[in-house]
Protein chains: 2
Amino acid sequence: MTRAPQKRRLETRARLLSVAEGIAAQRGYAGLRAEEVVSLAGVAKGTLFSHFKDMDGLLAVLIGGKVMMLLDKMEQAAPPQTPAQICALLNDQLEFVARERVIFDVLLRYSGVTAAQAEEVISEGFMRQVRILEGWIDAMQKAGTIRSDQPASMLAEGIQGFLNHVLAVWFCAEHETGDTPQAALEPYISAWLVT
Amino acid sequence: MTRAPQKRRLETRARLLSVAEGIAAQRGYAGLRAEEVVSLAGVAKGTLFSHFKDMDGLLAVLIGGKVMMLLDKMEQAAPPQTPAQICALLNDQLEFVARERVIFDVLLRYSGVTAAQAEEVISEGFMRQVRILEGWIDAMQKAGTIRSDQPASMLAEGIQGFLNHVLAVWFCAEHETGDTPQAALEPYISAWLVT
DNA sequence: AATATAAATTGACCATGGTCAATAATAATC
DNA sequence: GATTATTATTGACCATGGTCAATTTATATT
């Protein structure tokens with residue numbers, strides 16, 4: 001049987017996260033160095049890796065937190081009534097992920113449908129997003145403004161696919177094309193949801 | 001003006017690739033170690049990185065080669081006439097990518113719409129695949145078996161999005177769900193192409 | 001053939017993530 | 001409060017990718 005973590009451990013973890021967040025805010029997530037985090041947090045290197053499986057694990061917690069905040073906002077907003085409004089509500093999220101390739105990478109890696117590790121805030125966020133989308137879509141289906149030949153869950157997951165797709169293209173194209181991910185998303189969503 | 005590469009360089013490159021391919025065939029792409037490749041190829045470490053930007057660059061060339069072979073096969077096959085047949089033709093590709101997460105990662109990273117580096121076989125493969133899909137879809141649109149309210153190019157790119165989506169889910173779920181990527185793909189494609 | 005210029009390769013060197021036996025701090029038991 | 005068991009932390013150590021000034025090899029020029 002595993003015991004609850006001691007107070008000291010929780011404090012250490014909080015310090016590591018807060019330091020890491022500070023660095024990330026300044027130099028970006030990709031700019032995080034294990035050495036720097038532990039030195040600023042005043043702990044040894046091994047401690048970091050006893051709290052997080054690896055650097056990606058740390059990133060996942062940081063990024064997962066941000067995503068949760070964005071989802072909170074999404075949930076509070078008035079439900080969309082058109083595909084275009086769905087896109088508008090996904091704007092912030094798209095903008096956040098588009099900021100750094102490593103965000104996209106981490107989200108894609110840890111956004112499992114099934115949460116294996118407890119620490120994986122990301123899986124949770126992923127599932128939560130699908131649920132939100134599903135709710136919206138369900139309401140729109142009942143209103144008759146979009147197709148109803150497919151279950152809402154499938155349409156919702158499809159939207160996540162398109163989200164990832166436009167982001168992938170965004171990063172691959174190295175921002176050469178003027179198209180933002182937001183602009184690229186709309187046609188897909190519209191075409192996906194048409195009656 | 002940059003000169004054409006000398007014979008020696010081409011030989012070295014070929015040896016590096018062949019050695020790397022051998023190791024990959026045995027231990028998987030993720031099992032490639034720079035030290036091992038150069039030692040088996042009989043060159044110094046720096047040589048490898050003068051031929052390829054980094055290990056991912058080497059992987060990209062190896063994987064890009066395989067993808068090209070799969071595309072050859074796809075091109076030779078009889079054009080599909082239903083969404084299900086499209087999926088069937090994408091089977092091999094899906095199976096190849098599903099084999100190792102690192103394949104998916106490399107493809108996603110380098111599958112840019114615009115090829116920056118000459119060496120990026122992957123971008124080329126990516127574009128070629130869209131063209132093939134576009135050809136199929138165009139024919140099916142003319143035959144009236146699928147929707148025609150969207151340009152073939154958009155539908156083709158959407159399919160690539162779904163491909164990546166089911167692969168992402170596949171790797172995230174750690175193969176827990178019995179669903180293969182192939183099985184997961186079909187509903188999306190059907191729903192995407194319906195009239 | 002001797003010399004000059006450019007291409008190709010080398011390997012010592014560094015940066016960074018990650019490990020793990022040893023130690024310190026905390027909680028449980030007597 | 002002394003003893004034992006468990007949890008938390010430590011930091012020397014390793015693995016691996018990647019760099020770059022120096023060196024060797026090939027090509028052009030005289």
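Sequence lines set the chain letters: A, B, ... in the order given, protein chains first and strands last, and positions in each chain run from 1.
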Look at the aromatic rings of B/W192 and B/F162 and report parallel, tilted or perpendicular, splitting at 30° and 60°.
perpendicular
_Counting the atoms with a prime plus P, OP1 and OP2 as sugar-phosphate, which does B/L32 contact under 4.0 Å by heavy atoms, base, sugar-phosphate, or nothing?_
sugar-phosphate
Considering only heavy side-chain atoms of B/T47, the closest of C/dT10, D/dT19, C/dA6 is C/dT10
Side-chain atoms of B/R33 come closest, of D/dG17, C/dT26, D/dA28, to D/dG17
With the side chain defined as heavy atoms from C-beta on, B/A44 is closest, among C/dT9, C/dA27, C/dT10, to C/dT10
To the nearest angstrom, the CD-C1' distance between A/E35 and C/dT16 comes to 7 Å
Quick note, A/A34 side chain, CB onward, closest among C/dG17, C/dA28, D/dG18 is C/dG17
Atom NZ of A/K45 and atom C1' of D/dC14 are separated, to the nearest Å, by 10 Å
Original post:
For A/Q129 and A/Q160, what are the C-alpha separation, side-chain angles and deciding distance, and is it a side chain to side chain donor-acceptor pair (under 3.5 Å)?
Top reply: CA-CA 9 Å; A/Q129 191 188 35; A/Q160 283 200 319; 2.4 Å; yes
Residues B/L89 and B/A77: closest non-hydrogen pair is CD2-CB, 3.6 Å
B/F49 atom CZ is separated from C/dG11 atom P, nearest whole Å, by 15 Å
Per atom distances to the B/Q6 side chain, the nearest of D/dG17, D/dT9, C/dA8 is C/dA8
So CE of A/M74 and CG of A/L90: to nearest 0.5 Å the spacing works out to 5.5 Å
Among the nucleotides C/dG18, D/dT10, D/dA8, whichever has the atom closest to the side chain of A/M55 is C/dG18
B/H51 has its side chain closest, among D/dT9, C/dT9, C/dG18, to C/dT9
Per atom distances to the A/V43 side chain, the nearest of C/dA8, D/dT9, D/dT10 is D/dT10
